[in-house]
Amino acid sequence: MKYKAASPWGFRIEFGNQREHENSLAHSTGHRITGEFKTGSLSMFWHNMHPAPRIKSFETFDVILFGHPAIDTRLSDLNIFALFEQTTDFKKISAQLNGSFLIMKHDRIENVLSIATDRFSSLPAYVGKTQKKWIVASSLAEIQMLTDSQTVDESGLLQFLFLRRLLGEQTTLKNVDYLRSAHVLQLHSDGERKSSSYWQPNYGKKNLSDTEVVEKLTTYLPEALRLYQSDEQKFGLLMSGGLDSRAILLSRKKDFHCLTTCLRENNESDVARAVSEHEGQPWSFVKRPVDLLNNHFETALSLTSAQQVYNECQFLGYEEALKDKATSVFIGLGFDIFFGGLYLPQENVRIFGRQAIHNKLSPLLNDLPQMYLDNVSYRLKQSDVYSIIRPSHKRFVRAKLKEDVGEIMDRGKTLGGEGYSVWEYMHLHNLSRHYSFPMMHSVRTYLDCRAPALENSLFDLALRMTAEQKLNGTLYQKALSKINRSAMNIRNANTNYPARYSLKQQTALKTIQFTSHRVLGTARRLSPGRQDRSWPSVRQHLESCPRIMDRVRALGSSEALSSLDWLDMDALSRTLAQHQAGTHDHAVLINVLLSIEDLISRT
């Protein structure tokens, strides 16, 4: 049977107890981005993968490499295959690896498939089962095509609706799991499965001084770039005017072609170009269409499958603009979470009644799960989600969400986490489940994409830093200034002040300039506006896509959504009417509901 792909890139593995194929030996160097491998009771299909999987057959087992596993600070498939000649201990091998990877070992004698994820689960993988076979795939859409269970997991849907992501290994389909980070999953042909960790976060390590953090960051950032640039590629960098892409550029070991995409050339692109030219790197502007996903809607839905929000597939359709510039594109995901305290509970400082640029930590409440649900910044907060929950189900929904959050927090506590580290564990566990990772997945529809923050030493350092050391990214800025002070003198497009100034220093400058302007009438630096950002607002993009708007107008009468007992369809219709009348912006909620409707319709 010919393989039919359910998403624009990825793989699917079928593994059971019947030997359907002759044992075949393979050695693939990864040049075929689409292909298949069949041996014994294992069938693997892949489609449009960047990079392609690399396969090597040994005397009694096969090894399959996905992504960018590293050993001894280098991306080297040969060195990793060599490890399997030295030992058959799969967990021991997995614990030695760095980088972004998914590795499988197929034991042809015992008929066991072992799968190792990296510390971030950076390459998504799902596991489900038919009556006869295990199914492992890179997208839920692939699993949905073949598994016996097509039942929606409504607990998972509620997490997605309220948080725009899922927690732990839960998915929006029953009996389908996400593969946990830093774990080895063993699938046996008789239906048995076992999972064990080869590494876990250690919150018990001694805290570091501020000076030690800066010194380590100054060392680890260039080392991460040395690792991720250790092969021969044409490297591109998605360059913004902020800090994270600048961190990559300043820490580089090889040249980049920098690329900035906005609706029009603006403050963001001006800063990105200035930093690129300061570093002697070529820079290109790529105009972003305001209706980016109008012609890529189904693609975005299949990539995300109500695990993340489809409209975060921000780089679909850029193939022609990027492919002649690079063979591997770098992105700054992760640095602001690790070193800028992005999702810590925090509140803006006010000075003389005016909003400052820097923040202060919010004190933690005794009921931490409820505080998280009420305050974490990536929750769906633009709309009152409870307004579309049936009154008879609201108590159950609140209790279930709190229970789910509490379970993950308890997992963090068993690892030694306390206070803010437990809060951060909520988004550091299975990091790739975060709502922003579809940006990488969208690039991978046509090119390799790498995030150098996904590196073991950087992650370990982030785990050892206190919340105070991450807040406002001050130590992160100091490290970047030590790496390249002159490039950090160029302004940050988020504030229009020199990037080396801490946010507290920028607040002081802003206060002085404001006072001088009011008293003496001097000119003052203006903060960037919406028109100075890279992308349109969620509402602007949504309403610029007629194909998507056709689906929006049908949501109120959706049979798929009406199948959910807890969803109040009358209240939903009123919410949609508010949005269409322009009295309230429900665009974020609408995008989540479009994802949920698509998932249910496919079941």
Side-chain angles (χ1 to χ4, degrees), residues 1-7 9-26 28 34-47 49 53 55-66 90 102-117 121 123-154 156 169-180 183-196 302 305-307 599-603:
M1 182 177 67
K2 187 175 181 181
Y3 170 54
K4 180 181 179 182
S7 64
W9 68 266
F11 70 86
R12 185 177 81 223
I13 290 175
E14 301 172 23
F15 174 67
N17 56 14
Q18 294 187 2
R19 297 185 179 273
E20 301 176 351
H21 316 289
E22 294 293 327
N23 284 342
S24 59
L25 302 182
S28 169
T34 298
E36 62 181 42
F37 171 60
K38 298 179 180 180
T39 181
S41 58
L42 181 141
S43 299
M44 184 176 91
F45 310 90
W46 68 92
H47 169 71
M49 291 201 71
I55 307 167
K56 183 172 182 179
S57 293
F58 295 80
E59 183 177 355
T60 60
F61 60 90
D62 312 293
V63 176
I64 306 167
L65 307 181
F66 294 95
F90 192 49
L102 189 71
I103 295 184
M104 303 186 186
K105 177 187 175 185
H106 171 227
D107 188 321
R108 295 191 299 273
I109 305 301
E110 299 295 331
N111 208 21
V112 174
L113 179 64
S114 301
I115 308 167
T117 56
S121 283
L123 294 178
Y126 301 83
V127 59
K129 200 172 186 301
T130 69
Q131 289 184 345
K132 298 181 179 179
K133 295 180 180 180
W134 290 106
I135 308 295
V136 182
S138 54
S139 76
L140 201 68
E142 293 281 350
I143 293 275
Q144 229 174 336
M145 286 203 320
L146 289 181
T147 51
D148 295 338
S149 174
Q150 294 288 320
T151 306
V152 169
D153 188 321
E154 297 196 19
E169 292 69 58
Q170 189 165 8
T171 72
T172 46
L173 287 181
K174 288 187 176 179
N175 302 316
V176 177
D177 298 325
Y178 195 79
L179 267 61
R180 185 173 175 179
H183 273 64
V184 170
L185 175 66
Q186 281 191 340
L187 301 177
H188 295 253
S189 58
D190 61 4
E192 184 184 5
R193 60 184 283 181
K194 298 177 182 178
S195 180
S196 58
S302 67
S305 295
Q307 309 302 292
L599 176 90
I600 298 174
S601 298
R602 283 192 274 116
T603 60

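This one's a predicted model, so the numbers in the text were calculated from it and none came from an experiment.
Shortest non-hydrogen contact noted between Ala306 and Thr172 is O-CG2, 3.3 Å. Of all heavy-atom pairs spanning Gly191 and Lys129, the tightest one is CA-CE, 3.7 Å. In terms of heavy atoms, Gly156 sits closest to Gln170 at N-NE2, 3.4 Å. Minimum interatomic distance between Ile64 and Pro53 (heavy atoms only, all atoms of both residues): CG2-CB, 4.2 Å. For the pair Leu123 and Leu102, the tightest heavy-atom approach, listed with the atom from each and the gap, is CD1-N, 3.8 Å.
Note: Leu173 CG to Asp153 CG = 8.0 Å, rounded to the nearest 0.5 Å. Note that CG of Asn175 is 12.0 Å distant from OG1 of Thr130, once rounded to the nearest 0.5 Å. To the nearest 0.5 Å, the span separating CD1 on Ile13 from CH2 on Trp134 amounts to 13.5 Å. Put simply, CZ on Arg12 and CD on Glu36 are 11.0 Å apart, with the number rounded to the nearest 0.5 Å. With rounding to the nearest 0.5 Å, the separation of OG1 in Thr39 from CE in Met44 is 11.5 Å. Atom CG in Leu113 sits 10.0 Å away from atom NE2 in His188 (nearest 0.5 Å).
In this structure a side-chain-to-backbone donor-acceptor pair under 3.5 Å is missing from Arg602 to Met145. Gln307 places a side-chain N or O within donor-acceptor distance of the main-chain N or O of Ser305, the cut-off being under 3.5 Å. A donor-acceptor distance shorter than 3.5 angstrom exists from the side chain of Thr117 to the backbone of His183, with no hydrogens or angles considered. Judged by distance alone, the side chain of Ser7 and the main-chain N or O of Glu142 form no donor-acceptor pair under 3.5 Å. With hydrogens and angles ignored, the 3.5 Å screen pairs a side-chain donor or acceptor of Thr171 with a backbone N or O of Val176. Side-chain atoms of Gln144 come within 3.5 Å of backbone atoms of Leu599 as a donor-acceptor pair (strictly under, hydrogens ignored). Distance alone, capped at 3.5 Å, is enough to place a donor-acceptor pair between the Ser41 side chain and the Gly16 backbone. Within the 3.5 Å criterion, the main-chain N or O of Ser121 finds no donor-acceptor partner in the side chain of Arg180. Put simply, the side chain of Ser138 gets close to the backbone of Phe11: a donor and an acceptor are under 3.5 Å apart.
Annotation: side chain of Ile135 is not in contact with side chain of Tyr126 (no heavy-atom distance under 4.5 Å). Side chains of Ser43 and Lys133 form no contact here, defined as non-hydrogen atoms less than 4.5 Å apart. At least one side-chain heavy atom of Leu42 sits under 4.5 Å from a side-chain heavy atom of Phe37.
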| task | For the pair Val136 and Phe15, evaluate side chain to side chain contact (heavy atoms under 4.5 Å, CB included) and give the outcome as yes or no after the intermediate values. | result | CA-CA 8 Å; Val136 182; Phe15 174 67; over 6 Å; no
| task | Using the side chain to side chain contact (heavy atoms under 4.5 Å, CB included) rule, take Phe45 and Lys38 through it: C-alpha gap first, then chi angles, then the decisive distance, then the call. | result | CA-CA 9 Å; Phe45 310 90; Lys38 298 179 180 180; 3.7 Å; yes
| task | Show the numbers, then the answer: is there a side chain to side chain contact (heavy atoms under 4.5 Å, CB included) between Phe61 and His106? | result | CA-CA 5 Å; Phe61 60 90; His106 171 227; 5.9 Å; no
| query | Yes or no on side chain to side chain contact (heavy atoms under 4.5 Å, CB included) for Leu185 and Asp177, after CA distance, side-chain angles and deciding distance? | reply | CA-CA 11 Å; Leu185 175 66; Asp177 298 325; over 6 Å; no
